[in-house]
Amino acid sequence: MSTLLDLVLDAHGGLQRWQDARTIHAEGSIGGLLWSLRGQEGILATTDATVDVQQQRLVFDGFTGPALRGLFTPGRVAVERQDGEVVAERSAPRDAFAGHGPNTPWDRLHALYFAGYALWNYLTAPYLLTRPGVVVEELEPWRDGDGDGDADADRRRLRARFPQGLATHSTEQVFHYDTDGLLRRHDYAPDVLGGAPAAHFCERHVQVSGLVFPTHRFVVPVGQDGHAASEPILITIDLTDVSVT
């Protein structure tokens with residue numbers, strides 16, 4: 001295990017605490033330009049998500065309606081009524097993005113799959129990096145203005161390679177950490193969005209039941225030189241309440 005990963009896990013609550021956690025419940029809002037480009041503006045303006053920490057499963061309560069919920073797993077997404085009646089579902093949901101262009105409209109199941117796997121990855125990091133089949137290595141530090149007001153900061157970086165069975169943005173991703181080991185930037189090129197590189201910035205970390213989470217996130221495009229653009233802001237995630245069981 002990388003020495004940097006040890007530091008990062010400790011900074012976010014420690015490996016044992018993550019292993020003991022069962023669920024993360026997060027309320028807030030998800031927005032940004034992406035959703036309007038895909039014809040789904042406002043679909044997650046009010047977000048109420050419950051993450052299963054130990055397996056890839058997430059539920060959005062109130063998804064597209066107060067009496068509905070959205071269920072994400074890697075092999076299936078579904079919109080259900082609260083009694084479990086299925087309103088809409090899709091097996092092999094990642095395959096439904098094949099052939100999409102930059103402005104191809106999504107339906108609500110596309111949005112559910114993308115938001116479901118993405119938020120599951122975000123909320124379980126850095127524990128995510130300890131899952132079977134994930135390979136990490138430390139890269140040279142990166143100096144860049146990183147969204148937290150410190151334009152001259154050197155960030156230590158971990159490159160992660162993810163196994164095929166894990167629903168995530170892309171096989172290879174890079175995580176940037178500050179001197180305390182807190183996540184500040186996360187680079188990836190989402191396969192379901194055509195592989196365009198993006199930088200995901202993390203701010204306003206809070207401690208909840210021993211674990212640490214950023215409560216403000218935003219995603220912007222990345223240029224060929226690896227530096228993040230200031231706009232457009234593709235995705236925003238603001239969490240107002242987080243709890244862990």
Side-chain angles (χ1 to χ4, degrees), residues 1-13 18 24 26 28-34 114-115 117-131 134-162 166 168-207 211-239 242:
M1 184 179 292
S2 163
T3 301
L4 176 54
L5 183 54
D6 291 337
L7 170 67
V8 167
L9 286 165
D10 287 344
H12 291 83
W18 281 99
I24 300 165
S29 178
I30 299 176
L33 180 63
L34 173 73
F114 177 78
Y117 87 70
L119 194 59
W120 185 91
N121 277 252
Y122 302 156
L123 290 178
T124 63
Y127 183 50
L128 166 71
L129 302 180
T130 70
R131 291 184 66 86
V134 179
V135 178
V136 298
E137 63 176 324
E138 185 168 359
L139 303 177
E140 293 182 357
W142 177 263
R143 176 165 291 204
D144 190 15
D146 67 352
D148 66 357
D150 189 352
D152 296 322
D154 281 330
R155 300 302 188 202
R156 294 179 70 182
R157 298 184 298 161
L158 280 177
R159 177 167 57 199
R161 292 185 176 90
F162 294 92
L166 187 72
T168 190
H169 284 308
S170 51
T171 300
E172 186 172 298
Q173 302 175 37
V174 177
F175 299 78
H176 301 230
Y177 301 98
D178 65 19
T179 55
D180 294 324
L182 294 178
L183 180 63
R184 292 298 182 177
R185 172 174 166 173
H186 177 193
D187 293 348
Y188 44 74
D191 296 332
V192 300
L193 298 178
H200 171 138
F201 293 102
C202 300
E203 302 175 344
R204 304 173 196 165
H205 295 71
V206 298
Q207 186 178 80
L211 300 181
V212 175
F213 304 92
T215 59
H216 176 63
R217 301 168 179 260
F218 63 95
V219 180
V220 294
V222 170
Q224 292 184 349
D225 61 358
H227 290 272
S230 59
E231 57 183 19
I233 297 177
L234 301 172
I235 297 174
T236 60
I237 303 174
D238 288 285
L239 303 181
V242 182

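Keep in mind that what you see is a predicted model, and the values were worked out from it rather than measured.
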Between atom [atom1] of [X] and atom [atom2] of [Y], what is the distance when rounded to the nearest 0.5 Å?
X      : Y      : atom1 : atom2 : value
Gln173 : Leu129 : CD    : CG    : 9.0 Å
Arg185 : Cys202 : CZ    : SG    : 11.0 Å
Arg159 : Glu140 : CZ    : CD    : 10.5 Å
Leu183 : Tyr177 : CG    : OH    : 5.5 Å
Asp187 : Glu172 : CG    : CD    : 10.5 Å
Leu239 : Arg204 : CG    : CZ    : 11.0 Å

Show your reasoning for whether salt bridge (Lys or Arg N to Asp or Glu O under 4.0 Å) applies to Glu138 and Arg156.
CA-CA 8 Å; Glu138 185 168 359; Arg156 294 179 70 182; 2.8 Å; yes
Which heavy atom of [X] sits nearest a heavy atom of [Y], and at what distance?
X      : Y      : result
Ala228 : Val220 : CB-CG2, 3.9 Å
Leu123 : Trp18  : O-CH2, 3.5 Å
Val8   : Pro126 : CG1-CB, 3.5 Å
Gly226 : Trp142 : O-CZ2, 3.5 Å
Ala189 : Gly195 : CB-O, 3.3 Å
Val222 : Ala198 : CG2-C, 3.4 Å

Main-chain N/O of Arg143 paired with Arg155 side-chain donor or acceptor, under 3.5 Å:
no
Is the side chain of Asp178 donor-acceptor paired with the backbone N or O of Leu182 at a distance under 3.5 Å, no angle test?
yes
[X] side chain near [Y] side chain, heavy-atom distance below 4.5 Å:
X      : Y      : result
Arg131 : Leu128 : yes
Arg217 : Tyr122 : yes
Leu166 : Trp120 : yes

Take Ile24 and Val242 through the side-chain contact (heavy atoms from CB on, under 4.5 Å) test and state the conclusion after the steps.
CA-CA 7 Å; Ile24 300 165; Val242 182; 4.0 Å; yes
How far apart are the C-alpha atoms of Ile30 and Thr236, what are their side-chain angles, what is the distance that settles it, and do they pass the side-chain contact (heavy atoms from CB on, under 4.5 Å) test?
CA-CA 6 Å; Ile30 299 176; Thr236 60; 6.0 Å; no
Run the side-chain contact (heavy atoms from CB on, under 4.5 Å) check on Phe114 and Val192 step by step: do they pass?
CA-CA 8 Å; Phe114 177 78; Val192 300; 3.6 Å; yes
Decide side-chain contact (heavy atoms from CB on, under 4.5 Å) for Leu158 and Leu5; before the verdict, give the C-alpha distance in whole Å, the side-chain angles of both, and the deciding distance to 0.1 Å.
CA-CA 8 Å; Leu158 280 177; Leu5 183 54; 4.0 Å; yes
Have Thr168 and Asn121 got a donor and an acceptor in their side chains that come within less than 3.5 Å?
yes
Just by distance, with hydrogens left out, do Tyr117 and His169 show a side-chain donor and acceptor under 3.5 Å apart?
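A pair is found: one side chain offers a donor N or O, the other an acceptor, under 3.5 Å apart.
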Pick one: which of Leu34, Leu33, Val219 meets side-chain contact (heavy atoms from CB on, under 4.5 Å) with Pro232?
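Result for side-chain contact (heavy atoms from CB on, under 4.5 Å) with Pro232: Leu33.
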